[in-house]
Protein chains: 2
Amino acid sequence: MTEERRGPRERMVFSAAQLIRRDGVAATGMREVAAHAGAPRGSLQHYFPGGKEQLVNEAVGWAGRYAGARIARFVSGLDAPSPSALFAAMAGQWTREYAADGFAAGCPVAAATVDRASACTSTREAAAAAFAAWRDPLAEALTGMGVPGSRAGALATLMISTLEGAIILARAEADAGPLHTVVSELGPLLDSAVVPPG
Amino acid sequence: MTEERRGPRERMVFSAAQLIRRDGVAATGMREVAAHAGAPRGSLQHYFPGGKEQLVNEAVGWAGRYAGARIARFVSGLDAPSPSALFAAMAGQWTREYAADGFAAGCPVAAATVDRASACTSTREAAAAAFAAWRDPLAEALTGMGVPGSRAGALATLMISTLEGAIILARAEADAGPLHTVVSELGPLLDSAVVPPG
DNA sequence: CCGCTACTATGACCACTGTCATAACCGGTT
DNA sequence: AACCGGTTATGACAGTGGTCATAGTAGCGG
């Protein structure tokens with residue numbers, strides 16, 4: 001997960017996303033980001049002349065692209081592709097992280113939205129773009145599984161909404177129960193949207 | 001919504017919840033809470049000797065009790081009680097607010113979780129209690145509609161998760177679309193859990 | 001009047017934030 | 001050697017945060 005080969009700029013964006021998803025935007029300091037990335041403090045104003053707002057927005061964008069890229073890998077990793085299996089894989093990433101590292105962190109896009117949506121228009125738009133970068137590949141994957149194009153987008157929105165909410169509940173309860181619950185409860189609905197290929 | 005009859009202490013808790021759900025915990029200042037509540041600044045340390053942590057926790061608890069109490073009112077307001085209608089009513093409260101006042105605010109419990117879950121154990125526990133105070137009446141309402149007790153809790157968790165996530169997506173997109181989407185997509189699943197009274 | 005309690009008022013403190021100004025370094029090219 | 005753009009290094013600034021200390025007021029029973 002932590003590639004050391006990347007340049008300091010990309011490391012700072014990555015570190016910002018990590019810290020934001022753990023502590024929120026306001027509680028994450030610029031100096032803290034540089035320290036976490038092992039980057040010099042002076043590089044902050046060099047790479048991010050737009051200040052914290054730019055750094056946060058890039059971290060949110062990175063997270064959205066990351067989530068979108070994960071979809072294809074989840075799909076290819078399924079032995080029996082189905083919407084419910086894909087959703088289970090998406091949630092499984094979180095249950096594994098929570099089992100391994102504790103319930104310290106959530107989704108950085110959600111954190112940015114909660115913290116900055118009403119105060120910073122550019123960050124809100126970055127969050128919207130990140131969710132779109134996540135939803136579109138997801139909807140495409142659903143259509144590839146036989147979900148009609150007219151419903152794929154709506155189901156993708158439903159899946160992301162439910163997952164984001166379950167992440168919050170799981171963190172609050174310090175228990176992965178909500179993640180397991182939504183996977184098992186939502187699965188049948190997702191699979192029922194698949195139109196038989198016949 | 002803004003009762004002026006309540007004492008300064010309760011007004012400050014209420015104002016804290018309002019500001020938290022708009023700006024997040026870290027970006028909400030104590031002085032700002034007092035000013036918003038029209039309460040003297042000196043009252044903060046008098047009513048909340050535990051400092052910001054206590055104020056935030058009480059605001060979260062208040063929000064949880066508020067959400068739980070709303071459930072009964074939603075149920076009694078439905079002309080044809082059904083799980084999907086209840087869920088639509090819950091989401092409708094948000095779509096109405098967003099249509100009337102813009103997408104400025106989200107759920108204070110979610111904001112507290114995102115901002116403080118990893119930094120403040122007591123706040124995380126307060127959030128968990130708030131979600132429980134919301135989920136339990138919801139599950140009870142579902143059983144009253146014919147949902148088996150074994151599934152009511154899981155469906156309540158699913159409904160809250162999905163609603164919380166849809167709120168975040170709606171704020172990010174500044175569009176109530178996700179709220180409408182999850183209501184229409186989740187409705188059939190919710191109603192299919194009702195066991196016919198026969 | 002006193003004493004007591006509940007509440008309010010205000011100023012100070014220290015830690016910390018994001019941002020900026022400025023200077024140094026460092027690997028090349030000329 | 002000089003020069004240069006791309007980086008890094010530091011220190012300072014102004015603002016804000018939560019918190020504390022201290023003093024003040026209001027009301028009331030005695």
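What you see is a predicted model, and the numbers here were worked out from it, not measured in a lab. Chain identifiers are assigned alphabetically (A, B, ...) following the order of the sequence lines, protein sequences preceding nucleic acid strands; residue numbering begins at 1 within each chain.
Map Q45(A) and G29(A) each onto its nearest nucleotide of DNA chain C; the residue landing nearer the 5' end is G29(A). Mapping P40(A) and P49(B) onto DNA chain D by nearest heavy atom places P40(A) closer to the 5' end of the strand.
Between M90(A) and the options L179(A), L138(A), V183(A), a side chain to side chain contact (heavy atoms under 4.5 Å, CB included) holds for only L138(A).
When each of dT8(C), dT7(D), dT22(C) is scored by its nearest atom to the side-chain atoms of Y47(A), the top-ranked nucleotide is dT7(D). Of the listed nucleotides (dC7(C), dG18(D), dG18(C)), dG18(D) has the atom at the smallest distance from the side chain of M30(B). When the nucleotides dG18(C), dT10(C), dT7(D) are ranked by their closest atom to the side chain of K52(A), dG18(C) comes out on top.
One can find a donor-acceptor pair under 3.5 Å joining the base of dT19(D) and the side-chain atoms of R31(B). Between the side chain of R41(B) and the base of dG18(D) there is no donor-acceptor pair of N/O atoms closer than 3.5 Å.
What separates CD of Q54(B) from C1' of dT19(D) is a distance of 14 Å, to the nearest Å. Put simply, CG on L44(A) is 14 Å from P on dT10(D), counting in whole angstrom units. Remark: C1' of dT19(C) and CD of E32(A) are 17 Å apart, rounded to the nearest angstrom. Residue F48(A) contributes atom CZ, which lies 15 Å from atom C1' of dT8(D) at whole-angstrom precision. We find that NE2 of H46(A) is positioned 13 Å from C1' of dA9(D), with the value rounded to whole Å.
Between the side chains of D23(B) and T28(B), no donor N or O sits under 3.5 Å from an acceptor N or O.
In this pair, W134(A) and F131(A) present their aromatic rings parallel. The plane angle is below 30°, not in the 30 to 60° band.
Contact between the side-chain N/O atoms of S43(B) and the OP1/OP2 oxygens of dC7(C) is not found at any separation under 4.0 Å.
Between P83(A) and V194(A), some side-chain heavy-atom pair lies under the 4.5 Å cut-off.
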